[in-house]
Amino acid sequence: MGVLTIDQWNHTCQLDTSAKPRRNIGWISSNWSGYSITGKKGAFKRISAKWNVPFVRPSRGASYSSAWIGIDGFGNSNLIQTGTGHEFIDGKAHYYAWWEILPASVTIIPLPIQPGDRMLASIIKRSGSNWLICLRNVSRNWTFRTLQRYNGPQTSAEWIVEAPQVNGALATMARLSPVAFSCCRVNGKSPKLTADDGGIMLQNLSVTSIPSNPNRAGDGFIVKSARQ
């Protein structure tokens with residue numbers, strides 16, 4: 001985490017829902033890229049996926065990013081999520097794991113993360129408002145679990161690469177190697193993603209991060225950085 005403190009950082013979603021789709025892209029955001037699906041209240045009770053921790057390329061100034069799965073946040077202010085962070089600050093790359101339930105700030109998971117690591121994440125509703133957040137680093141053979149209370153509407157599910165907010169402002173997106181999401185599941189099944197479920201990140205009127213079309217099974221895709 002380095003120079004940041006916990007209360008300085010929030011992964012709040014700020015979707016531009018008024019933006020028109022571009023080609024086969026379903027939505028545009030200033031800080032999200034990836035895939036999201038929506039449903040009725042209570043529709044999503046479980047989400048999971050695998051992804052690779054990307055390499056952060058050097059940047060002139062500080063830059064930040066995260067890769068995560070979550071429930072809610074698309075069109076509402078609730079969100080339960082877990083993922084990995086990748087940033088470049090003061091000439092060095094930093095990598096870490098985290099979880100978060102809005103409106104609380106992010107909680108860092110104090111376990112080792114390195115670029116190229118294979119991650120497996122799941123968020124599961126147990127009973128009532130009890131949810132299990134689980135993040136596993138397959139490459140380094142550790143598993144983190146925490147049981148938390150969450151009362152969001154469960155109306156969306158996401159697989160996202162994000163430019164987070166830092167000190168209350170939207171951060172510059174880090175220059176990343178491609179992030180490949182695979183084995184995406186919602187309620188234990190393939191979400192059968194389509195191109196219309198995907199969204200691009202647009203910063204300063206330029207495409208910053210963009211997902212590929214889903215694979216044939218509709219449960220995997222690759223997010224590529226447009227910053228070279």
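The structure displayed is predicted, hence computed values, not measured ones.
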Carefully, step by step, assess Asn76 and Thr155 under the rule side chain to side chain donor-acceptor pair (under 3.5 Å). CA-CA 9 Å; Asn76 63 60; Thr155 55; 3.2 Å; yes
To the nearest 0.5 Å, how far apart are CD in Gln154 and CD1 in Ile80? 9.0 Å
Mind checking the CZ-CG spacing from Arg136 to Asn141? Nearest 0.5 Å is all I need. 6.5 Å
What do you reckon, are the aromatic ring centroids of Phe221 and Trp159 less than 6.0 Å apart? no
Looking at Asn78 and Asp72, would you say the former's side chain and the latter's main chain have a donor-acceptor pair under 3.5 Å? no
Atom pair OG (Ser122) and CD1 (Ile69), whose distance is rounded to the nearest 0.5 Å: 6.5 Å
I'd like to check Arg149 versus Asn130 (side-chain heavy atoms, cut-off strictly below 4.5 Å). Are they in contact? yes
Hey, does Val161 have a side-chain heavy atom less than 4.5 Å from the side chain of Met173? yes
Would you say Cys134 and Thr143 make side-chain contact, with heavy atoms under 4.5 Å? yes
Residues Ser129 and Asn151: closest non-hydrogen pair is CB-OD1, 3.0 Å
Ring centre gap for Trp51 and Phe181 strictly below 6.0 Å: yes
If hydrophobic clusters are built by linking Ile, Leu, Val, Met, Phe, Trp and Tyr wherever their side-chain heavy atoms come under 4.5 Å apart, do Leu120 and Leu132 end up in the same one? no
In terms of the angle between their ring planes, are Trp68 and Trp32 parallel, tilted or perpendicular, with boundaries placed at 30° and 60°? perpendicular
Worked check of side chain to side chain contact (heavy atoms under 4.5 Å, CB included) between Trp27 and Asp196: CA-CA 8 Å; Trp27 46 271; Asp196 289 339; over 6 Å; no
Test Phe144 against Leu111 for side chain to side chain contact (heavy atoms under 4.5 Å, CB included), laying out the working first. CA-CA 8 Å; Phe144 171 85; Leu111 293 167; 4.2 Å; yes
Are the side chain of Ser139 and the backbone N or O of Arg118 linked by a donor-acceptor pair below 3.5 Å? yes
Val106 and Trp98 have their tightest heavy-atom pair at CG2-CB, 3.5 Å
If you apply the rule side chain to side chain contact (heavy atoms under 4.5 Å, CB included), what do you find for Ile108 with Trp99, and how did you get there? CA-CA 7 Å; Ile108 301 301; Trp99 65 270; over 6 Å; no
Within-4.5 Å side-chain heavy-atom neighbours: Asp219 and Pro214: no
When every non-hydrogen atom of Ile47 is compared with those of Ala157, the smallest separation belongs to CD1-CB, 3.8 Å
Ignoring hydrogens and geometry, is there a side-chain-to-backbone donor-acceptor pair from Trp131 to Tyr150 under 3.5 Å? yes
Hydrophobic cluster identity match, Val207 and Ile28, side-chain contacts under 4.5 Å: yes
Let me see the working for Lys50 and Ser182 under side chain to side chain contact (heavy atoms under 4.5 Å, CB included), right down to the final yes or no. CA-CA 5 Å; Lys50 298 177 181 179; Ser182 63; 3.5 Å; yes
Once you round to the nearest 0.5 Å, how far does OG of Ser65 lie from CZ of Arg175? 12.0 Å
Contacts of type side chain to side chain contact (heavy atoms under 4.5 Å, CB included), residue Lys192, not counting sequence neighbours: Ser190
Value for CD (Glu158) from CZ (Phe44), rounded to nearest 0.5 Å, stands at 8.5 Å
Donor-acceptor pair, distance only, cut-off 3.5 Å: does the side chain of Ser212 make one with the backbone of Ile222? yes
Counting only N and O atoms by type, is there a donor-acceptor contact under 3.5 Å from the side chain of Gln203 to the main-chain atoms of Thr208? no
Exercise: identify the closest heavy-atom pair between Ala174 and His86: CB-O, 4.0 Å
List the atom of Thr38, the atom of Phe74, and the distance in Å for their closest heavy-atom pair. CG2-CD2, 3.8 Å
NE2 (His94) and CD (Glu87) are apart, to the nearest 0.5 Å, by 6.0 Å
Find out whether Met119 and Leu135 are in side-chain contact, i.e. whether some heavy atom of one side chain is under 4.5 Å from a heavy atom of the other. yes
Within a radius of less than 6.0 Å around CZ of Arg185, do more than 12 heavy atoms belonging to other residues, nucleotides or ligands occur? yes
When every non-hydrogen atom of Ala93 is compared with those of Val56, the smallest separation belongs to CB-CB, 4.2 Å
Sub-4.5 Å side-chain heavy-atom contact between Leu102 and Ser77: no
Identify the residue among Thr84, Asn52, Asn137 that makes a side chain to side chain donor-acceptor pair (under 3.5 Å) with Asp117. Asn137
Hey, quick one: are Ile123 and Trp142 part of the same hydrophobic cluster, counting side-chain heavy atoms closer than 4.5 Å, chains of contacts allowed? yes
